[in-house]
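No hydrogens, no waters, no symmetry mates; every other heavy atom, side chains included, goes into these values. Lettering follows sequence order; numbering is per chain, from 1.
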2 protein chains.
Amino acid sequence: MALDTPSADSREYYTITDLTREFGVSTRTIRFYEDEGLISPLRRGRTRLFRQSDRRLLSFILRGKRLGFSIAEIREIKDMYKEPPGEAGQLRLLMAKVKEKRGELEQKRRDIEETLRELEQVEETSLARLAEIGVGT
Amino acid sequence: MALDTPSADSREYYTITDLTREFGVSTRTIRFYEDEGLISPLRRGRTRLFRQSDRRLLSFILRGKRLGFSIAEIREIKDMYKEPPGEAGQLRLLMAKVKEKRGELEQKRRDIEETLRELEQVEETSLARLAEIGVGT
DNA sequence: GTCAGGATTGACTTTAACGTAAATCGTGCC
DNA sequence: GGCACGATTTACGTTAAAGTCAATCCTGAC
């Protein structure tokens with residue numbers, strides 16, 4: 001039998017190549033993330049078995065990459081999602097880090113808005129130019 | 001006399017170190033961008049003289065970097081800002097590229113919104129936890 | 001004119017994030 | 001029970017984006 005009974009939509013386990021196909025990354029990339037301690041799939045013998053949680057984690061990592069975060073930064077952000085610490089000092093430290101990341105993200109958002117506005121301007125100018133030269137074509 | 005009469009706010013020329021201070025990058029970085037053809041400051045002898053336009057260009061480059069774009073991508077985007085071509089085919093090509101970049105940026109924006117929401121969640125949980133353990137401190 | 005300190009050049013080094021290749025492993029199928 | 005084929009491991013290679021270092025060059029101040 002196959003590794004798993006594919007139940008309609010969400011299966012229990014994914015192979016590494018399943019994920020490479022779904023996310024468009026190489027096996028090397030996924031193994032690299034595992035070496036970096038970002039993902040820890042199960043094993044059957046040597047073969048990796050990725051759970052839904054592993055799959056979501058990979059998705060999270062790739063989202064971070066799209067935003068230009070380094071592996072180290074992604075690890076930092078991931079750590080923020082853990083159960084918050086019980087000690088007040090540690091908690092305040094966490095909150096400071098969260099605040100900093102939020103600041104970075106908001107800066108990125110402003111950068112995006114600006115760039116989008118500029119590109120829209122380019123588009124308009126292009127359309128105008130096209131109308132100009134395209135008259136009668 | 002100094003290189004330039006500093007007139008209130010915007011001077012005519014900036015030295016390379018002026019820009020390193022303003023933008024928090026190294027001289028090596030700025031020269032690297034020049035080698036890559038992204039900036040072309042004037043020269044007096046060997047010394048670089050950066051105009052306002054060069055300064056704005058540097059700002060643009062660094063904005064791209066913050067968004068995780070590579071030098072090649074930044075060059076591409078920069079080229080889009082040039083006078084649009086007069087030939088219809090080239091113009092359509094440009095518009096296609098603009099559309100693609102806009103798509104990427106909108107994806108990044110969605111990624112940011114998601115991440116921000118998650119971080120806000122972390123913040124809330126942390127505040128709750130702090131209230132819990134911080135009662136009476 | 002000389003001298004100190006910033007700017008430049010050129011070359012080599014570094015780091016992150018994978019790519020690539022070779023050899024081994026394992027396992028399901030006939 | 002042998003074999004084809006995908007997964008793994010190990011190790012070295014590569015690329016982008018600078019960092020670093022040494023030597024030279026200006027140039028304005030004295």
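- In this structure, the CD atom of A:E76 is 16 Å from the C1' atom of C:dA16, given to the nearest Å.
- Computed from coordinates, the A:D35 CG to C:dA16 C1' distance equals 14 Å when rounded to whole Å.
- Residue A:Y33 places its side chain closer to C:dC18 than to any other of C:dG26, C:dT8, C:dC18.
- For NZ of A:K78, the number of neighbouring non-hydrogen atoms (other residues, nucleotides, ligands) closer than 6.0 Å is greater than 12.
- In the set D:dA7, D:dA17, C:dG19, C:dG19 carries the atom at the smallest distance from any side-chain atom of A:T29.
- In this structure, B:T17 reaches the sugar-phosphate backbone alone: every heavy-atom distance under 4.0 Å involves primed, P, OP1 or OP2 atoms, never a base.
- Interatomic distance, CZ of B:R117 versus CG of B:L119, reported as 11.5 Å (0.5 Å rounding).
- Nearer the 5' end of DNA chain D, as judged by each residue's closest nucleotide, is the contact made by A:I16, out of A:I16 and B:F69.
- To the nearest angstrom, C1' of D:dT9 lies 12 Å from CD of A:E34.
- Of the charged side-chain nitrogens involved, at least one lies within less than 4.0 Å of a carboxylate oxygen, so that A:R43 and A:E34 count as a salt-bridged pair.
- Counting any heavy atom pair closer than 4.0 Å across all strands shown, B:S26 reaches sugar-phosphate atoms only and no base atom.
- Residue A:R28 has its side chain nearest to C:dT20 when only C:dG28, C:dT20, D:dA17 are considered.
- Remark: of the listed residues B:K101, B:E104, B:R63, B:K108, B:R63 is the sole one forming a side chain to side chain donor-acceptor pair (under 3.5 Å) with A:T115.
- Using a 4.0 Å cut-off, some side-chain N or O of A:R48 falls inside it from OP1 or OP2 of D:dT9.
- If you take CZ of B:R43 and C1' of C:dT8, they are 8 Å apart, rounded to a whole angstrom.
- Atom-to-atom, CZ of B:R75 to P of D:dA17 comes out at 9 Å; the value is rounded to the nearest Å.
- A residue-by-residue look at A:F32 and A:R46 shows that A:F32 has its nearest nucleotide of DNA chain C further toward the 5' end.
- Rounded to whole Å, the distance from OH on A:Y13 to P on D:dA7 is 17 Å.
- Counting non-hydrogen atoms under 4.0 angstrom, A:R31 reaches a base of the nucleic acid.
- Remark: C1' of C:dA17 and CG of A:L38 are 12 Å apart, rounded to the nearest angstrom.
- Here C:dA17 presents its C1' atom at 14 Å from CD of A:E73, a figure rounded to the nearest Å.
- For A:I71, whose side chain is taken as the heavy atoms from C-beta onward, the closest listed nucleotide among D:dG28, C:dA17, D:dT8 is C:dA17.
- Using a cut-off of 4.0 Å between Lys/Arg side-chain N and Asp/Glu carboxylate O, A:R102 and B:E120 are scored as salt-bridged.
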